[in-house]
Amino acid sequence: LALALLSYTPSDPSMNTVAGDHVKNVMQVPGAWVADFLLWLLGVPVALILPLMAITARRLWGDQDMSGWKAQFGKCLIGIVLIGLALSLFQPDPLVGLPAGWGGVIALVFARGIMSLSAQLPAFQGWAIGALVVLTLVAGLYVWYRSLALETFSELDRRRVLMRQPALDPALEAQARLLRVLQEGEI
């Protein structure tokens, strides 16, 4: 997926482009189609799904609990759409070379609706759009970061390390308890 997105070329034959047989995408025709579709749907922020995929793969390889993975991917997609909305509001005219601008078609539709509503208040339009860009960008980054569930990941790693520590000899444990009692002054 990363290679397909990184080697995206607008002239490759895909859903939004009628072109010849020459494909520049490293992943060839399937990569060109997948990259074009994802960039059309979710825009450039779709690349933010790659870290979640890597973390999920590591958890699977480490035989860790994967309950809640659907919610993680859902949060990640919400974060991606919010970031795409911020990008579409920041630059409303689609760039040449991207099928639906920075944020994809979903964000582009919402951005156009917000822009038309904000045109009703021309005195506050610039401030309102600017504040909305910052708000949606911060909210999107927060939701995306929370979708990675890194705090759960570090807790699982901490427990795994604690479980691997060898148990102390009972005689050494008794000596350690006695030493703690003596240090606290409770005889």
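- The CG atom of L108 lies 11.5 Å from the CZ atom of F110; values are rounded to the nearest 0.5 Å.
- Across M53 and L1, no two heavy atoms sit closer than the pair SD-CD2, 3.8 Å.
- Both L38 and I106 belong to a single network of hydrophobic side chains, linked directly or stepwise wherever heavy atoms of I, L, V, M, F, W or Y lie under 4.5 Å apart.
- With contacts defined as side-chain heavy-atom distances shorter than 4.5 Å, the pair L52/W144 does not qualify.
- Cluster annotation: M15 is not connected to M27 through the hydrophobic network of ILVMFWY side chains, with a link wherever side-chain heavy atoms come within less than 4.5 Å.
- Here the closest heavy-atom approach between residue Q120 and residue S116 is recorded as NE2-O, 3.7 Å.
- Taken from CG in L117 to CD in Q125, the straight-line distance is 10.5 Å, to the nearest 0.5 Å.
- Linking Ile, Leu, Val, Met, Phe, Trp and Tyr whenever their side-chain heavy atoms come within less than 4.5 Å leaves V138 and I129 in two separate clusters.
- The distance from atom CG of L150 to atom CZ of R146, rounded to the nearest 0.5 Å, is 9.5 Å.
- F73 CZ: more than 12 foreign heavy atoms inside a 6.0 Å radius.
- The structure places CG of D93 at 13.5 Å from CH2 of W102, a figure rounded to the nearest 0.5 Å.
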Given the rule in the side-chain hydrogen bond (donor to acceptor under 3.5 Å, both in side chains) test, do D36 and Y8 qualify, once you have shown the distances and angles that lead to the verdict? CA-CA 7 Å; D36 185 70; Y8 171 76; 3.3 Å; yes
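- Smallest separation of non-hydrogen atoms from T17 and D12: CB-O, 3.4 Å.
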Just distance, no hydrogens or angles: give the donor-acceptor pairs under 3.5 Å from side chains in residues 74-90, sequence neighbours left out.
{"from": "S88", "atom 1": "OG", "to": "G84", "atom 2": "O", "distance (Å)": "3.1"}

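- Under the 4.5 Å side-chain heavy-atom criterion for Ile, Leu, Val, Met, Phe, Trp and Tyr, W33 and F37 are members of the same hydrophobic cluster.
- Nearest heavy atoms, S14 versus A32: CB-O, 3.9 Å.
- Annotation: side chain of L41 is not in contact with side chain of V46 (no heavy-atom distance under 4.5 Å).
- For CE of M115, the number of neighbouring non-hydrogen atoms (other residues, nucleotides, ligands) closer than 6.0 Å is greater than 12.
- Take F124 and apply the ring pair (Phe, Tyr, Trp, His ring centres under 6.0 Å) test, not counting sequence neighbours, and it matches no residue.
- In this structure, W69 is a member of the same hydrophobic cluster as I49, with clusters built from ILVMFWY side-chain heavy atoms closer than 4.5 Å.
- With values rounded to the nearest 0.5 angstrom, I55 atom CD1 is found 11.5 Å from L50 atom CG.
- From W127, atom CH2 reaches atom CG of L132 across 15.0 Å, with rounding to the nearest 0.5 Å.
- Shown here for A149 and Q72, the closest heavy-atom pair between the two residues is CB-NE2, 3.3 Å.
- The minimum heavy-atom distance linking T9 with K24 is given by the pair OG1-CB, 3.8 Å.
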